[in-house]
Amino acid sequence: MANHLIFYFFAGLAVVSAILVVTVRNTVHSAIFLITTLLATAGIFLQLHAQFLFIVQIILYIGGIMVLFIFVIMLVNLDVALHQIRFNRQWVVALVLALVLAAEVGFALKVGAKGVYLPSGQSGQMEPNTEMVGSVLFQNYMLPFEIASILLLVAMIGAVVMSKKKI
Amino acid sequence: MHNHILSVILFTPLVGAILALFIPRENVNAHRVWGNLFGFLGLIVSLPLLWRFHIGASGFQFKEDVAWIPSIGARYTLGIDGISFLLIMLTTVLGAIAILSSWSAIQTRVKEYYILMLLLQVGMLGVFMSLDFFLFYVFWEVMLVPMYFLIGVWGSDRRLYAAIKFFLFTLAGSVIMLLAILALYFKNGATTFDIPTLLASASQYTDAFRTIMFWGFFFAFAIKVPMFPFHTWLPDAHTEAPTAGSVILAGVLLKMGTYGFIRFSLPLMPTDHVANHHIITIMVVLSLIGIIYGALVCLMQKDMKKLIAYSSVSHLGFCTLGIFALTPHGLMGSVIQQINHGISTGALFLIVGVLYERRHTRLISEFGGLSTPMPSFATVYMIITLSSLGLPLLNGFIGEFTILRGVFEVSKPWAAWAMLGIILGAAYLLWLYQRTMFGPVTNAANEHLPDLNWREHATLLPLVALAFWIGIYPKPLFDVLQQPVKELVERVNPDYYKAERMKIPAKLPAPASSTPTTAAAPATPAVTASAAGSK
Amino acid sequence: MTPYFLDHIWLIPLLPLVGALVMLLFGKRLPNSFVSAICVGLVFLSFVFSVGAVWQLSQMPAEARHFEKVMFQWVPAGPMHMDSGKIVDFTAEWGYLLDPLSSVMILVVTGVGFLIHFYSIGYMGHEGGYYRFFGYMNLFMFSMLTLVLANNMLLMFVGWEGVGLCSYLLIGFYFLRKSASDAGKKAFIVNRVGDTGFLLGLFLTAATLGTIKFSELGDAITAGHFAYGAPALTAIGLLLFVGATGKSAQIPLYVWLPDAMEGPTPVSALIHAATMVTAGVYMVTRMNAVYQMAPLALEVVAVIGAVTAIYAASMGLVQNDIKRVLAYSTISQLGYMFLALGVGAFTAGIFHLMTHAFFKALLFLGSGSVIHALSGEQDMRRMGAMWVKIPTTAKTFLVGTIAIAGIPPLAGFFSKDEILGKTFKYSPALWIVGFITAGMTAFYMFRLVNMTFFGKSRVDHEVEHHIHESPSSMTVPLMILAVLSVIGGWIGWPAALGGSNRFEHWLAPVIAKHGEAMEETAAAHAGSIEYVLMFASVLIALAGIGLARRFYIQDPQIPARLAANWPRLYRLLYRKYYMDEIYDALFVNRGKDLGTTLGAFDRNVIDGLGVDGTGWLTRFTSTVSMWWDKWIVDGLVNLSAWVAQLLSYPVRMLQTGLVSSYALFIVLGALLLLGYYLKPMLR
Amino acid sequence: MHAILDHLRNLLSGDVRLILPQIQLVLFGLGILLTDFLLEKQYKSWNAVMAMLGVGFSGFSLWQLRGAIEGGDMVAFRASIITDHFFIFFGFLFLAATALVILLSVKYLEIEEEHHGEYYALMLFATVGMMFMVQGTDLIVQFIGLETMAISFYILVGFLRRDKRSNEAALKYLLLGGFSSGILAYGFSILYGLGGSTNLFSITSTLDKRAQSIAPAGDLLLLLAFVTVAAGLFFKVAAVPFHQWAPDVYEGAPTTITAYVSVASKTASFGLLLRLFQTAFWPAHASWQMPVAAIALASLTLGNFAAITQTNIKRLLAYSSISHVGYVLLGVVAQNDTGLKGVAFYLFAYTFMNVGAFAVVIILRRKGLIGDELEDLNGLSQRSPAAAVLLLIFMLSLAGIPPTAGFIGKYYIFLSLVESRHYWLALFAVLYVVPAVYYYFRIIVHAWLRKTTDPIAPVISLGQTVALTVASFVVLAAGLYPEPFIRLAQYSLFLPFGHLSGR
Amino acid sequence: MTGAIPMTHYLLLSLALFTIGVVGVVTRRNVIIILMSIELILNAVNINLVAFSKMAGVVDGQVFAIFIITDAAAEAAVGLGIIIAYFRNRETVLADEMDILKW
């Protein structure tokens, strides 16, 4: 039951704060709610026994990315942002279409998952696995890991090139 | 025997074009000389065909066959029969003349001009020589580009519109043809693009498929010819093109359409009587509309070139009419008329070019009474006019007559309707002649126009000579065509030759000078006839 | 061994062709004397060869008088289907056929032609384009000789078109005058209408009989088991006759001939009186094998001929232009010839053709001489009392007039009388028409003579001083022709008057036998009527002459009084039955109205073609076609281009530049894709 | 010392050997980043030389791999990459495109005054990403490869930081690219869920088995995965309706990068698309045929119509490239060997002709003239006949007029459609050549038939000359004598797990 | 571990976050918020991956999620850099004022 409680709590938290991310006027608040969402997701990761990911989520995402975000928001966001209209002109149509898409995907997931064979393996028998993740990451996924380093290098160059006034 | 005469003919202009790239553009006269040299050389190298062509041999001659794209089965296959032989000769002759005619008419971008003219030659010759569908298609499309530029760069006011219209129209037709070619290719197992093979294989297919194929090819050719509802690119293109462009366009390019009909569409006609009849009816009706319609529109034209352009619609209507009569005469007449049209209309465009070069206008109303300052021009112009309107002893008559003969066998009303085109043809051509040449010189600008110079003579007189030759002694043409036409008719109209042969009766002995007859006069011949019959 | 002249028969047409080529290629640089020497000389040579050939032909036995020489195969043989379903090799040779019929023709053509050429030396001496004139004339001789010597219909058509072309060129000889070039064009186009009939007839002949060689026609008919009056043969006859009406100016295609008088007078004499216009008569006679099997066609020929004869004669009654009177007279006489052919009297037709060539050429040349003397005046109301001033012309002209009026023993009497005699046997009604026409002919011809040569002079004063007799190069041909007009008819002296009618016998081998049989039986029955008819026709001719004398010499007020009393009739005749006006009203004026209203019509088109009679209809359809082309066919093309352009903008409008909307499109795309898969699930 | 070398040799003969081309590119990219500091402003072009060297070395290694796999495809890193003909073909294509663009860039960047080593380094990194996209047989490798390429491009597109158009293009590209990557990742997650693995081999075999029990047409999860993955990939190749970034980005980006994005990014994405469509999604091939055909037709329609009235060459070419995507997708729709060959040939031809077309726009750039408007081409045939002729060749090829490579490419697409009996599609495909010719000829009209007011002849640098020569040579050669190039396309055919051969 | 939460719930949670992200992308004007919405989407993907990973009992999904996070970080870094460059030139971060390039 606790399991359920944890899941629904985090799920609810994630969804509600996600909604707030895209609805609130103040960009800083949005960022705060995004952090909340990510934290809630981290909780769900934990509930799914993905401890390593839980850590990564908190440290990397919340610690790194969100600081970056807030930094930029502070940098570029002026007071005017508070008085600006939040949504663009197409928002009604956009909302409807997005919800229709969601309904379609939801329908597909529901119908598709019902009575449909999903490779389950030892379903739910996931032990604490940080170690395992580590070994898999460096054995099976060594190559993507290397590529990811290039990716990050590229991102670094990009961030530098783009934000520096003069290179 | 292995020889490469066709390749030599095909690539001589190309060599000229490529080498011309290396002549500096400022050296205008060098380009003129060079262009003419290779234009003429193109004619010279084609002359050996005249005596080496084997009259009466069946199939294709001078075949060359080299692998080109083995992965798709496309080969570099050339070869000619009587029909393509004549068209190739027409191309080389008109090509040389067209190039010669541009000496002083082209003053800007001379280098590009001659290069494009030579490239155009390659494209056209390739179309008539190719025995491989892929190669054929390549040439068919390639030739659009130089023509586009000839119209677009050296044309008159509305040249951009005309050029792109020309290009798009023809392209639209030919891409559909490409699909038809591909369908044929697959139907035959996707191994070869060999034209004779693919066309021969058509006989095994269902009529429905053949009908689809026919219409697939139809658009490309009908637009090129151009047949009635697809003709509107022609007046624009003709009117805007420079003289040599018009000559080539009318003289050779349009023949690619009729050639296509003869070479490809006819063998693809369904064998089923009803389906066949359907197609023929449509084709004939379109041709007839084209003949009359083109002639009528001619009557309203104020622009000489436009008038001649519409007359082409009318004349080409005769060609397609002859083709779809599916009789030996119709077909032979059609090919001969194609040659004739190349000669006559080519010459007419040269004639307009002569005037245009002097006055820079083509409006009929600007001229009048030119016979006085330009007598030799008047003579040549008159001969060409007469040739175009089909006066006996000139080429046009032979073609039209033979076509009508062939058509008459099949349907008398068709022939009668086509005759209307002949009457109207006389009307608009003579009227044009009258308005430009007769009467007093009303426009002061025309008073001292110089007569033809030697170069203009050199472009026009060969055509006049050809016009007379074909008009007086067309036998060589008929001989060349006899065999291919026979093969074609045997294929598309197999019953044709099976009919019982009629013997022209030997001279009967004259009846006694006074056969006594007591009965009413009408009875007499009947008696005589039956008496002769019983013998 | 073939006799020399027959063997060289091809020289007869070739000689004038050489002359024509020389003239057209180098003529400009040659002096006039050289030009006339070559051209006239060559025609004379041609005449000599003709005489030689005919003489050699006449040496053969009557039945064998048939000589064919094939030069080369012109249109090579190719298989074709006949209407009967059989296959046959169709071919056309370049071959010459000399038989009694064509021999008459070549003699007339080269003989009269030579005289007219000779006459032209004087007449055209002061005109510009002398060489061009002779070049065209020689070209005409070539075409005409090709026409008459052709051994098949197609080659005949070559000549047929060739003479049309020369007619066009020569009518438009004074090309600086718009009326002249208009008239030329009109002649050509009207003839083209007829020519299509000829061509269709030719095709039908080929399709029906399998051959277009004259010498094979008869046998082919026999072999083909055609019934008398077979529809195919009738159709051939009618189609060919359409061609004949064009060339020989019969109703309804006669309209070009009066206008053709725009040409120089020798041209009118040679082409529009003596030779070319009779081509239709010759052709029908040539094809008599077919016609004799097609009674309906013959009937049409007869009726058209008769109606044309009287119709044209009635118009001739009131014309004031000397050449126009002669033109209408020509039409009328041609109508006579067709009447003869129509009633089956082919030899009579050809006979009249020959005599008519003599006297009509004479009359035209005479009128040319008059015009020459009067410095170009053609209106008879400004002539008169010329008898003494130009006596030679006047006398020869009078001979010609008497001949055409049909007074014995001049040529016209014999030929006309033979026609009327044969017509009476065929149909008295037609005879009456012909009979009245004969009277009218005598009347208007003497009206012409009286107005020109007698009475008071009405000539302008300045002109009067210059009146002079023509040079001998012009008068000599007149005299020769006058002699021929007198004696030319004697070779056809009818049996009824104690002659032997050698002409008819000469032509007999050419005329299909059944026809002749019919004639001879008829002749046997009607000996006495013939005298009556002869007498009657002479009488009515005399009456006409008398009337003309009374009207135009004794009491010149009468015509005016008559015109005043019957103004409508007079105007009707004078205005040529309002034919031009009808054309104008039907086509031109309505066209003009519409043209003004629409503002889209080219005035030149309307004037130019409307007068020609091709008419408003052509122009209308032409405009419609043009309009159709511009707005519908082209319009569709441009419309599609326009639509493409138009479509381009909304498509580009989707490209708002807004990221959110782009993202929305991505959502939409995914939504649609997924929706496509879900759709079957929802059912 | 010896031991280290041995170790290295061992390493290089093992799995690493298969990614040697990428490694070399990365090394040279890093080298450029390092040496860039040392180079004075006027010597920046040495960066380009370095980058070319990197491409050269990489190409050499790739060539050696080509020899190595003659015996059979090689997999490495626990089957997360595969070196097969398909990869070799695309790898060379990427290297060729990269090399051409590097050659074109030197002068352009000098004019833009943005000549920095990062530019070349990012190009090389992007190439690495592309190679992994095609080489990868693991969803993660593919995804990371894709992102490496994409992020490099975001930066390159915005490389002209002082140019508002460049900024805007970069931002748009980033936002939309990120969004589409998100969708793609979502699809990958579903795919992972279905296959129980990130490895393409095992996913494919799982899905094959799954197809036995559930008809793929009704397998909504699979189709959901397909839709989301396809949406992401269609975005990358710019197929309607996921195309809208393309015109804006093409217009705003530095022209060299426009050429690069239009060619390399598209080719690589098609490589990935083919890889996935022919393996994991093959069981549902009957289901995706029609929607892909619809997207192809929509791309043809929209691309052609929108291009007709453009006045900016880059934008025009952007729309035209959308229509080219339509043709390539039709080759995918045909689902037969001919179609795949057609796709390969088309992409090959497209690479050279499109780079060539943009190259002509690039050489028009000079101080004070951006040179991307149609008007700027006016009178080019007088100012620079050679450039005008080359432009003509590229336009003819893009339009599909023989004898150029573009024609053979289109020919194969038509052929495959006729072969698979999609006659209506074939008809549409051929007829869309007509509007295409219309707008390509608008470019030709400006270059050849209009008078110019601008008498200055464009100056063509050595690098640009080489690039133009190579591009035009390939375009013409592949049109006149296509045999070797067809072999090349044939060579690229991969028969993943017997799907194609089993048909 | 009694009463395992059905797989579908994770998927739906993920879908909810995904949808909210999509809604954010297509409705918000501020590009920073749009960037955040993209982060939301990637986050949703991660939930999917981890859930599947758990269900399959292998950690591949988690590894995949790590890479997704890496990618998200890289994208955010570059994105924010570009936004700064953009803002420097244009003084705005509103998506609907970003329309120099259109049509």
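Residue numbers start from 1 in every chain, and the chains themselves are labelled A, B, ... in the order their sequence lines are given, proteins ahead of strands.
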- Message: A quick test of your reading: do over 12 heavy atoms of other residues, nucleotides or ligands sit less than 6.0 Å from OH of A:Tyr8?
- Response: yes

Taking every heavy atom of A:Ala108 against every heavy atom of C:Leu678, the minimum-distance pair comes out as CB-CD2, 4.4 Å

Value for CD1 (C:Ile666) from CG (A:Leu97), rounded to nearest 0.5 Å, stands at 13.0 Å

In C:Leu674, C:Val667, C:Leu671, the residue satisfying side chain to side chain contact (heavy atoms under 4.5 Å, CB included) with A:Val100 is C:Leu671

| query | Around A:Phe145, counting heavy atoms of other residues, nucleotides and ligands shown, do more than 12 lie under 6.0 Å from its CZ? | reply | no

Result for side chain to side chain contact (heavy atoms under 4.5 Å, CB included) between A:Gln90 and one of C:Leu664, C:Leu658, C:Thr656 points to C:Leu664

